[in-house]
Amino acid sequence: MLLGARDVAVFCHISPDGDTLASALAVYRALTPRGISVSLYSEDGVPEKYKFLEGAELFTRAGKRVHELALAVDCSDIDRLGGGARAFLAAKKRAVIDHHKTHIKFAPSTLVDSDAAACAEIVYRVLDSAGLVDKSVAEALFVGVVTDTGCFRFSSTTAETHAIAADLMRRGIDAEALVCNSYSKTTRSIFALKQRVLGGCKFFDDGKIAVIAFRKKDFEETGTTAADTDGVIDPVIAIAGVEVAFSIAEVADKSFKISIRTSGGADASDIAAVFGGGGHSRAAGCRLNGYYEDIVDKLMKAARDRL
């Protein structure tokens, strides 16, 4: 389908992470040399930490243009496209590539593999089968794999994940630089935000539940935004004894973005589903509106019901 189209629009999910952005860029880098017009859409732009990606400046918000083919990558349901949903649905043909176990089908052509550690793994299979993975494409795909596996630390990482990464490295990419830029490198402002928020981490139920919060004041005083919260929760779930970790980020007045990480028996996607969200067994998310204290209470109850 990709090679048969002459005009392709690739859509990322809201609050974009490295996997959705890198998967989209991989498609762009694979198709444009073949004379195919590719538009890249991200309703929330590109977070600062991913602006090192070549082509990051190409992402825009979707307009009224009707495309021949719309492809959503790393998107579990239509709501995750945000304002881009209208343009996606207006396309003549629609397809989705995703790896979330909570995926809700919203396109006629859907390729979903919930066993894949990253959407980039599935995109790799599609592009590799067509002989379209060169060094440039491999660089993008490697970033997607690295970011969505926590640099191969998460339990979703499989032998196939490593095999794909190895094949991408054989294409001549600078794996060390890509890991550093996408996973390790940060700015002083983001470092200050992490230091501030992690220092205020709170523990409940004998340390089984942990909560970090990003309030409006935290963003204002460190010169950061909600887009800079990606990955800050990871060291919290790594603390011995913590089985459920919540990251609560204030994105607007009485509006919060929730990231959930779990270990042990709790399923992050089950917790997120209570609030209309979704994701994976160990990493999921949702959006909640209301007073901060009430939201904490709701999240605590959902976690306790599953511990």
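Being a predicted model, the structure only gives us computed values, none of them experimental.
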We want to know whether Thr147 and Asp19 form a side-chain donor-acceptor pair, criterion being a heavy-atom distance below 3.5 angstrom. no

Considering non-hydrogen atoms only, spot the tightest contact between Val96 and Ala107 and give its length. CG2-CB, 3.5 Å

Any Lys/Arg nitrogen of Lys49 or Asp17 sitting under 4.0 Å from an Asp/Glu carboxylate oxygen of the other? no

For Lys194, is there an ion pair with Asp218 - N to carboxylate O distance below 4.0 angstrom? no

Check whether any side-chain heavy atom of Arg94 sits under 4.5 Å from a side-chain heavy atom of Ser109, and report yes or no. no

Linking I/L/V/M/F/W/Y whenever their side-chain heavy atoms sit closer than 4.5 Å, directly or via other members, would Val27 and Val126 fall into one cluster? yes

Using a cut-off of 6.0 Å, state whether more than 12 heavy atoms not belonging to Glu57 lie near its atom CD. yes

Do Thr161 and Glu121 come close enough that some side-chain heavy atom pair is under 4.5 Å? yes

Side chain proximity check, Val10 to Tyr28, heavy atoms < 4.5 angstrom: no

Is any side-chain N of the basic residue among Lys217 and Glu220 closer than 4.0 Å to the acidic one's carboxylate O? no

How many angstroms lie between atom CZ of Phe11 and atom CG of Leu71, to the nearest 0.5 angstrom? 9.5 Å

His99 versus Asp148, side-chain donor and acceptor atoms under 3.5 Å: yes

Check this for me: does any side-chain nitrogen of one of Asp205 and Arg304 sit under 4.0 Å from a carboxylate oxygen of the other? yes

Using 4.0 Å as the upper bound for N to carboxylate O, is an ion pair formed by Arg171 and Asp128? yes

What do the steps show when you test Cys119 against Thr20 for side-chain contact (heavy atoms from CB on, under 4.5 Å), and what is the final call? CA-CA 7 Å; Cys119 182; Thr20 191; over 6 Å; no

For residues Tyr50 and Leu193: do they belong to one hydrophobic cluster (side chain heavy atoms under 4.5 Å, members Ile, Leu, Val, Met, Phe, Trp, Tyr)? no

Hey, does Arg61 have a side-chain heavy atom less than 4.5 Å from the side chain of Tyr41? no

Looking at Arg125 and Asp113, is there a salt bridge between them, counting it only when a charged N and a carboxylate O are closer than 4.0 Å? yes

Take atom NZ in Lys93; do more than 12 heavy atoms of anything else shown fall under 6.0 Å from it? no

Would His103 and Asp77 count as having a side-chain donor-acceptor pair, cut-off 3.5 Å? no

Testing the 3.5 Å rule here: is there a donor-acceptor pair between the side chains of Asp134 and Ser136? no

Proximity of Phe106 and Phe88 rings by center, below 6.0 Å: yes

Should the pair Lys298-Glu293 be classified as a salt bridge under the 4.0 Å nitrogen-to-oxygen rule? no

Kindly indicate whether the side chain of Cys75, heavy atoms from C-beta on, has any atom under 4.5 Å from the side chain of Leu81. yes

Quick one: closest heavy-atom pair of Leu198 and Ile212, and the distance? CD2-CG2, 4.3 Å

Can Phe246 and Ile260 be said to form a side-chain contact (heavy atoms from CB on, under 4.5 Å), step by step? CA-CA 5 Å; Phe246 292 113; Ile260 309 166; 3.8 Å; yes

Inspect the contact between Asp167 and Arg170 and indicate whether a charged nitrogen and a carboxylate oxygen are less than 4.0 angstrom apart. yes

Ring-face cation contact, Tyr292 with Arg215, 6.0 Å cut, 45° max: yes

For residues Asp234 and Arg153, determine if any side-chain heavy atom of one lies less than 4.5 Å from a side-chain heavy atom of the other. yes

Taking the side chain as C-beta and beyond, is there a heavy-atom pair between Phe214 and Ile248 under 4.5 Å? no

